[in-house]
Amino acid sequence: MTIAAARSAVAERNMSAQALAESYYDAIHGVDGEIHAYLSICRERALAKAAEIDQLAEQGAPLPPLAGVPVGIKDVMVTRGVRTTAGSKVLENFVPLYDCTAVAKLEAAGAVILGKTNCDEYAMGSSNENSAYGPVRNPRDLARVPGGSSGGSAAAVAAGTAVFALGSDTGGSIRQPASFCGVVGLMPTYGRVSRYGLIAFASSLDHIGPLASSARDAAIVLRTIAGRDPNDATSADVAVPDYEAELEKPVRGKRLGVPREYFGEGLHPEVRSAVEAAIQKLATLGCEIVPVTLPHTSYAIPTYYVVATAEASSNLARYDGVRYGHRAAAARGLTDMYRRTRDEGFGAEVKRRIMLGTYALSAGYYDAYYLKAQKVRTLLASDFEQVFKQVDAIVTPTCPTPAFKLGEKADDPLAMYLADIYTVVADLVGIPGLSVPCGETREGLPVGLQVLGKHFEEATILRLAHAYEQVRDGHA
Ligand code: GLN
């Protein structure tokens with residue numbers, strides 16, 4: 001279901017919001033045993049919200065924009081009274097005392113929160129195999145991963161167990177699973193959406209955004225969750241446009257940059273041909289295709305894995321067993337308690353990141369790794385500044401390959417990190433990006449087209465994705 005379909009079913013009283021929520025719970029009951037997109041459901045909260053909407057509808061009162069729309073929330077966003085695990089054993093029994101701003105805004109707009117979606121532990125991963133609660137399976141092929149770290153959110157939308165879902169993107173975690181599952185995923189500009197209540201992975205890279213079944217739905221959700229929030233000092237005081245209204249503006253004359261570095265070694269041939277065909281479709285709509293170069297691209301992955309791990313090692317210091325989360329039972333003294341708590345609580349990938357980040361920040365190595373990475377980050381930003389003088393948006397593949405098999409890269413962290421090659425740069429530079437489905441491989445695996453935009457120009461990339469969807473589906 002699209003947002004519009006769900007909203008009008010409820011508004012026209014073809015279906016009560018409560019019945020709609022129940023139908024989604026039936027769907028979860030039916031398929032989620034296999035897919036495992038959800039870690040918790042919050043039926044009471046959902047049905048209470050739905051009842052509130054039904055009462056408004058009965059009274060003929062005006063309905064809020066997401067009235068009765070059933071949604072999933074990645075389990076890295078805190079929800080008052082609803083267990084929030086971040087995919088980690090550390091937070092297995094953690095029940096937050098407040099709501100993440102983005103979640104509160106959705107509910108205030110009438111959305112019905114069905115439950116919390118599965119993800120890699122602390123959002124660290126590209127396959128959802130790092131969840132302490134078991135992997136998610138890709139609804140398009142159950143032998144394959146849904147991508148990560150917002151794998152549960154992408155799979156729920158693809159499987160029809162949520163109309164849309166919120167995810168988080170630190171190095172591609174919205175766009176990459178969107179690409180693998182065949183849905184739309186939008187990472188807004190850094191600062192566009194408040195991070196208040198998002199469990200921190202790497203604070204200078206973390207973003208909240210929607211996974212949805214169309215650019216239109218992503219536009220509606222973004223408008224709802226965006227805006228300045230006094231609880232997040234990095235949230236931007238920039239006017240939020242009506243992204244849905246902007247969708248219909250023409251794309252003719254838009255200049256689209258195609259960076260040659262994104263079409264090189266390692267790109268799966270069927271991904272390449274699907275993405276090239278999509279770019280051709282955009283050309284038929286009157287977009288001008290401009291070859292461009294982003295010369296520092298090859299440094300993006302090493303830069304990301306220094307900055308992200310450094311920030312993670314600092315952010316994750318708080319899980320010490322003192323204030324909340326897991327605490328080791330049999331400890332001899334405080335230091336032993338810290339050590340055992342963290343050893344028992346964290347999974348292998350999280351420990352790897354903490355060690356890498358601590359190393360990069362330690363005296364004697366700081367200049368060689370962390371400081372150097374920050375300088376390269378500036379160079380990456382200047383690559384984009386140059387290119388955005390010539391073009392309105394940049395189009396690339398979202399990922400070098402379609403969804404891989406469960407277990408295929410699980411023992412090779414470096415191969416896993418390379419799956420993020422086209423996505424991490426936008427996080428480092430703070431620009432918005434989205435992934436829109438642009439076809440399938442012969443095996444029926446979805447391929448994603450990535451569209452990157454200028455700071456705060458989500459409207460432009462959403463409009464391009466929307467225009468592309470019309471020609472892709474053949475009713476332009
Ligand atoms: N796959 C990347 C990582 O493992 C990105 C994760 C993310 O965006 N949260 O760090």
Side-chain angles (χ1 to χ4, degrees), residues 73-77 86-88 117-132 135-136 145-154 165-181 185-188 190 193 195 198-211 300-316 346-357 360 373 398-401 403-404 408-410 412-435 448 450:
I73 305 291
K74 184 179 182 181
D75 210 18
V76 289
M77 283 164 248
S88 180
T117 56
N118 201 348
C119 56
D120 287 298
E121 186 175 3
Y122 291 104
M124 297 174 187
S126 309
S127 69
N128 222 116
E129 292 166 297
N130 297 335
S131 168
V136 177
V145 304
S149 61
S150 311
S153 292
L166 290 186
S168 68
D169 194 313
T170 303
S173 280
I174 290 174
R175 291 159 289 153
Q176 188 255 22
S179 169
F180 280 14
C181 291
L186 168 69
M187 176 184 71
Y190 185 79
V193 175
R195 290 181 295 110
L198 172 65
I199 294 177
F201 164 5
S203 306
S204 79
L205 300 163
D206 292 342
H207 307 72
I208 292 174
L211 292 110
I301 289 280
T303 304
Y304 170 79
Y305 277 96
V306 172
V307 175
T309 58
E311 293 187 21
S313 76
S314 164
N315 273 325
L316 271 60
F346 292 134
E349 182 61 28
V350 174
K351 288 176 182 164
R352 182 179 297 122
R353 305 276 179 120
I354 292 172
M355 287 191 280
L356 284 169
T398 306
C399 307
T401 65
F404 45 88
E408 192 180 316
K409 296 184 200 283
D412 187 351
L414 195 56
M416 192 73 93
Y417 297 173
L418 288 173
D420 305 330
I421 195 151
Y422 303 142
T423 47
V424 295
V425 191
D427 299 84
L428 287 164
V429 175
I431 54 173
L434 61 75
S435 180
Q450 177 171 242

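Atoms within a ligand are numbered from 1 in the order they appear, just like the ligands themselves.
- The contact set between ligand 1 and Gly125, taken as ligand atoms under 4.0 Å from a residue heavy atom, comprises 1 (N), 2 (C), 3 (C), 4 (O), 6 (C).
- For the atom pair CG (Leu205) and CD (Glu311), the distance works out to 5.5 Å, reported to the nearest 0.5 Å.
- Rounded to the nearest 0.5 Å, atoms OG1 (Thr423) and CD (Gln450) are 6.5 Å apart.
- With Phe180 as the fixed residue, the side-chain contact (heavy atoms from CB on, under 4.5 Å) test singles out one of Ser435, Cys399, Ser127: Cys399.
- At least one heavy atom of Gly172 sits under 4.0 Å from some atom of ligand 1.
- Near Phe201, with a cut-off below 4.0 Å to any heavy atom, the atoms of ligand 1 are 9 (N), 10 (O).
- Ligand 1 places these atoms under 4.0 Å from at least one heavy atom of Gly171: 5 (C), 7 (C), 8 (O).
- In plain terms, the two heavy atoms of Pro400 and Leu418 that are nearest each other are CG-O, 4.1 Å.
- The two residues Ile208 and Ile174 come nearest to each other via the heavy atoms C-CD1, 4.2 Å.
- The contact set between ligand 1 and Asp420, taken as ligand atoms under 4.0 Å from a residue heavy atom, comprises 1 (N), 2 (C), 3 (C).
- For the pair Tyr305 and ligand 1, a heavy-atom separation below 4.0 Å is found.
- The proximity of Tyr304 to ligand 1, defined as any non-hydrogen pair under 4.0 Å, is limited to the side chain.
- Looking at Asp120, its side chain does come within 3.5 Å of a backbone N or O of Glu129 through a donor-acceptor pair.
- In Thr170, the parts holding a heavy atom less than 4.0 Å from any atom of ligand 1 are both the side chain and the backbone.
- To the nearest 0.5 Å, atoms CG (Asp75) and OG (Ser153) are separated by 9.5 Å.
- Between Arg175 and Asp427, at least one side-chain nitrogen of the basic residue sits less than 4.0 Å from a carboxylate oxygen of the acidic one, meeting the salt-bridge criterion.
- Any N or O atom pair closer than 3.5 Å counts here, and Ala123 shares at least one such pair with ligand 1.
- Looking only at heavy atoms of the protein, atom 6 (C) of ligand 1 is closest to Ser173 OG, 2.8 Å.
- Taking 4.0 Å as the cut-off, Arg353 counts as a neighbour of ligand 1 on heavy-atom distance.
- Counting heavy atoms closer than 4.0 Å to ligand 1, residue Ser149 contributes side-chain atoms (C-beta onward) but none from N, CA, C or O.
- Annotation: Met124 places no N or O atom under 3.5 Å from an N or O atom of ligand 1; distance criterion only.
- Residue Ser126 has at least one N or O atom closer than 3.5 Å to an N or O atom of ligand 1.
- Between Tyr417 and Tyr305, the two ring planes are parallel [angle under 30°; tilted spans 30° to 60°].
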